[in-house]
Number of protein chains: 2
Amino acid sequence: MRNYTAFVATNTIPNSQMKTMTPPPWKVGELAGRTGMSVRALHHYDEIGLLTPTLRTPSGHRLYQQSDVERLQQVQSLRLMGIPLDEVRRLLDGAGLSPREVIALHIAKLHEHIALQNRLAERLQGLAEHLDTVESASIDDLCQIIQVTTAMEKYFTTEQLEVLRDRRSSITEEHMHEVRDSWNEIIPKVRNAMSANVDPASPEILAIAKRWKALVEEFTGGDPKIAMAVKTMYEHEGPSLQQHLGEVPTQEMFVYMGKAFAAMK
Amino acid sequence: MRNYTAFVATNTIPNSQMKTMTPPPWKVGELAGRTGMSVRALHHYDEIGLLTPTLRTPSGHRLYQQSDVERLQQVQSLRLMGIPLDEVRRLLDGAGLSPREVIALHIAKLHEHIALQNRLAERLQGLAEHLDTVESASIDDLCQIIQVTTAMEKYFTTEQLEVLRDRRSSITEEHMHEVRDSWNEIIPKVRNAMSANVDPASPEILAIAKRWKALVEEFTGGDPKIAMAVKTMYEHEGPSLQQHLGEVPTQEMFVYMGKAFAAMK
DNA sequence: CCTTGCACCTCACGTAACGTGAGGAATTAC
DNA sequence: GTAATTCCTCACGTTACGTGAGGTGCAAGG
C-alpha cells in the first residue's frame with residue numbers, strides 16, 4: 001500500500017511526523033468494503049454531487065478523506081430512514097426543510113403509502129379467497145371477479161363488505177348458482193310484464209314479487225342499507241355488471257317491483 | 001365522425017345492414033376518455049405489445065375494436081391489483097403461472113413490502129419522538145440518533161426496545177444529561193485504576209462499583225437480558241458508539257467491574 | 001380551395017437509485 | 001517484467017408512463 005501524501009501535502013515531511021498526520025485517504029473499493037456500500041453507489045453519489053471525494057490521484061482515482069467518510073455515514077443514516085437522495089443532499093447542505101419537517105413529511109407519506117398497500121393486500125386476499133372457493137380459475141373469471149369487487153368497493157362501506165364476505169364464505173357454490181339462475185329466470189318475466197303493461201298488483205306479479213323479495217332478503221341479510229347500496233350500484237354500473245353477473249335489474253324494474261311490494265301488503 | 005368500414009370490410013354494404021354490423025372502432029382519444037386511461041398509456045401498452053389495436057387507418061391512426069376494449073378492461077382489472085404489466089401480459093397470453101399462483105405470489109410480496117414499510121415507519125416514529133424531546137435538531141444530532149437506534153435494533157428485541165422507549169419518554173432530558181455525565185466521570189476513573197493495577201476489591205473501586213451498578217440498574221430497569229444486550233452491543237459497536245454516546249465501557253472494564261461486584265457481596 | 005384547430009402520429013428524454021457490463025488505464029503482486 | 005486487480009468513464013437497463021417537439025390527418029368554416 002502506498003501513501004498519497006506526496007500530492008496531499010506540498011512539502012516533504014519526515015517519517016517521525018507521519019504518525020501524527022491525518023490517516024491515509026481511502027480508495028473507493030476500500031471505502032465500499034468498509035461501509036458495505038457498492039462501488040457503483042459511491043460513483044453514483046459522486047455523479048449526483050451528494051458525496052464528492054475531496055481528493056483525486058493525478059490519474060483520477062477517488063480518494064476519500066475522514067470528512068468524506070463522515071459525510072457518507074450521514075448519508076447512510078438518512079437513507080436508512082428511507083429518505084430519497086435528493087432530500088438527503090438538501091438536508092446535509094443545510095438547504096430546504098429542517099430535519100423535523102423532513103421526518104414528519106416522510107412519516108405522513110409512508111403512512112399514506114402503507115394504507116394504500118394495505119387496501120391492496122385486502123383486495124388481493126379477498127380475491128385469493130374467492131379463487132379458492134371457485135375451482136374454475138380462468139383469466140376471464142379472474143377479471144370478472146376483480147371488476148365486480150372493485151365496483152362494489154365504490155358503493156359499500158368496509159363493514160358492509162366484510163358482512164358480505166363472511167356470508168359468502170358460508171354459502172356453497174351450488175347455492176350461488178341457484179340464486180343466479182333464479183334471477184335469470186325472474187328478470188325476463190318482469191321485463192315482459194312491464195312491456196305488456198301488466199298491473200303490478202296482479203297475482204302473477206305478486207308471486208314474482210315474493211320470490212324477488214326473498215332473493216334480495218337473502219343477499220342483503222335484511223340490511224336495508226346494503227339493499228340501498230346494491231340498488232345504487234345497479235343503477236350506476238348496470239351495463240358493465242350485466243356482463244359479469246348475468247341479468248341485473250334496471251331502475252325501472254325497481255320502481256315497478258316497488259309498486260308490487262306496496263300491493264302485497 | 002366517419003366510419004372506417006371501408007377498410008374493415010372489403011366489400012360495400014347497404015345501409016340497412018350497417019346497423020347489425022360490428023360497432024365502429026374507437027380511436028385512442030375516445031377509448032382513453034371512456035376508460036379513464038391516458039392516451040400515452042395506451043400508446044405504451046401498444047409499444048410493449050400488451051395491447052395492440054387490431055386495426056389501423058391507412059394513415060396510421062389506432063383503431064380499437066370490441067375485442068381490444070375487452071382486453072383493455074382485463075388489463076385494467078389486473079393492474080388494479082398491482083400486478084406489473086409484464087405479468088399482466090404473461091397472464092393474458094396464457095403463458096407463465098396460473099392466476100392463483102400469481103395472486104399468491106403477489107400477496108406474499110406485498111406483505112413483505114408492507115412489513116418493511118411498517119418497520120421503517122416505526123423507526124421514523126421513534127426518531128420523531130426523540131426529536132421532539134430534544135430541542136437541538138442539528139443534522140449531526142439527527143444522524144447520531146439514527147446510528148444509535150439502528151445499532152440498538154440489532155441487539156435488542158422489539159419488546160425490549162419498547163420498554164426502553166417507554167422509560168425514556170418518562171425521563172427528563174436533564175436527567176439524561178446527568179446520567180451521561182456520571183458515565184463520563186466514572187469510566188476514566190476505572191480506566192486509570194485498571195492501568196494502575198488497583199485491586200478491584202479496594203474500597204475506592206467498590207464505591208465506584210456501587211455507582212456503576214446503580215447506573216446500569218437504572219438504564220436496564222433491572223432486566224438482566226437488557227443488561228446483556230447492552231454489554232454485547234458495547235463490545236461489538238464500541239468505537240462507533242463512543243462518538244455518539246460519549247464514554248462507553250470496554251469489555252475489559254466489564255470484566256474488571258465484575259470482580260468488584262463479586263467482592264461487594 | 002384554403003385555412004384553422006383538434007386529434008393523431010412518432011421519436012425521445014426524464015423519473016430513483018443504482019446494477020451490470022465494456023473497454024481501457026493505473027496500480028499492485030509475484 | 002508481466003499478470004492480476006482495481007480503478008476510470010461511458011452508457012444502457014430497470015417501472016409505467018408524463019411531457020413536450022415536431023409533423024400529419026381530418027372535419028368544418030370562409
Side-chain angles (χ1 to χ4, degrees), chain A residues 1-7 24-53 55-64 72 75-76 78-90 106 109-110 113 116-117 120, chain B residues 1-4 6-7 24-53 55-64 72 75-90 106 109-110 113 116-117 120:
Chain A
M1 175 158 339
R2 276 300 152 81
N3 75 46
Y4 305 93
T5 320
F7 41 86
W26 288 342
K27 294 164 70 175
V28 266
E30 217 166 337
L31 181 58
R34 283 172 202 275
T35 58
M37 313 260 338
S38 72
V39 171
R40 177 66 178 109
L42 293 173
H43 283 177
H44 182 60
Y45 292 171
D46 190 2
E47 275 175 27
I48 65 174
L50 174 60
L51 176 63
T52 308
L55 297 174
R56 290 258 191 161
T57 71
S59 58
H61 289 198
R62 286 172 242 271
L63 295 175
Y64 292 87
L72 177 57
V75 171
Q76 280 187 303
L78 297 172
R79 281 232 8 113
L80 258 178
M81 302 320 259
I83 297 171
L85 295 182
D86 203 13
E87 287 204 78
V88 169
R89 185 177 40 197
R90 278 202 296 258
H106 258 79
K109 268 192 196 168
L110 240 188
H113 199 205
L116 276 176
Q117 305 282 94
L120 190 55
Chain B
M1 178 164 329
R2 272 305 150 82
N3 76 47
Y4 306 91
F7 43 83
W26 288 342
K27 293 163 72 173
V28 266
E30 217 165 336
L31 181 57
R34 285 173 200 273
T35 58
M37 312 263 336
S38 71
V39 171
R40 177 65 178 109
L42 293 174
H43 282 178
H44 182 60
Y45 292 171
D46 190 1
E47 275 176 26
I48 64 172
L50 174 59
L51 175 62
T52 309
L55 296 174
R56 291 258 192 161
T57 69
S59 58
H61 289 197
R62 291 170 177 78
L63 295 175
Y64 293 88
L72 177 56
V75 171
Q76 282 187 302
S77 298
L78 297 172
R79 282 234 6 116
L80 258 178
M81 303 320 258
I83 296 170
L85 294 181
D86 202 15
E87 285 204 79
V88 168
R89 184 177 42 197
R90 277 202 297 258
H106 259 80
K109 269 191 196 170
L110 241 187
H113 199 208
L116 275 176
Q117 307 281 96
L120 190 56

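Computation of the quantities below employed the complete heavy-atom set of this structure, encompassing side-chain atoms and omitting hydrogens, waters and symmetry-equivalent molecules. Quantities reported herein were computed from a predicted structural model and do not represent experimental measurements. The chains referred to below are lettered A, B, ... by the order of the sequence lines, with proteins before strands, and numbering in each begins at 1.
- As a whole-Å value, the separation of A/Leu42 CG from C/dA17 P is 15 Å.
- For B/Arg79 and D/dC17, the shortest distance from a side-chain N or O to OP1 or OP2 is below 4.0 Å.
- The main-chain N or O of B/Ile48 is found under 3.5 Å from a side-chain atom of B/Arg89 such that the two form a donor-acceptor pair.
- If you take CG of A/Leu55 and P of D/dC7, they are 16 Å apart, rounded to a whole angstrom.
- An OP1 or OP2 oxygen of D/dC7 is reached within less than 4.0 angstrom by no side-chain nitrogen or oxygen of A/Thr57.
- Atom P of nucleotide C/dC18 and atom CG of A/Leu72 are separated by 11 Å, given to the nearest angstrom.
- In terms of position along DNA chain D, the nucleotide closest to A/Ser59 lies nearer the 5' end than the nucleotide closest to the other residue of the pair B/His44 and A/Ser59.
- With contacts defined as side-chain heavy-atom distances shorter than 4.5 Å, the pair B/Gln117/A/Leu110 qualifies.
- Dashed line: the shortest gap from a side-chain N or O of A/Arg62 to OP1 or OP2 of C/dA26 is not under 4.0 Å.
- Note on A/Tyr45: every side-chain N or O is 4.0 Å or more away from OP1 and OP2 of C/dA17.
- Residues B/Pro53 and B/Lys27 have side chains not in contact (no heavy-atom distance under 4.5 Å, counting atoms from C-beta outward).
- Heavy atoms of B/Val28 sit under 4.0 angstrom from primed sugar atoms or phosphate atoms, though from no base atom.
- Per the geometry, CD1 belonging to B/Ile48 stands 7 Å off P belonging to D/dA16, to the nearest Å.
- Distance from the side chain of A/His43 is smallest to D/dT9 among C/dC9, D/dT9, D/dC17.
- Tested against A/Leu51 for a side-chain contact (heavy atoms from CB on, under 4.5 Å), the candidates A/Val88, A/Leu72, A/Leu85 yield a single pass: A/Leu72.
- Residue A/Arg89 places none of its side-chain N or O atoms closer than 4.0 Å to OP1 or OP2 of C/dA17.
- The side chain of B/Arg40 places no N or O atom within less than 4.0 Å of a non-bridging phosphate oxygen (OP1 or OP2) of C/dA7.
- Using a cut-off of 4.0 Å between Lys/Arg side-chain N and Asp/Glu carboxylate O, A/Arg62 and A/Glu30 are scored as not salt-bridged.
- Between the CG atom of A/Leu78 and the P atom of C/dA17 there is a distance of 13 Å, rounded to whole Å.
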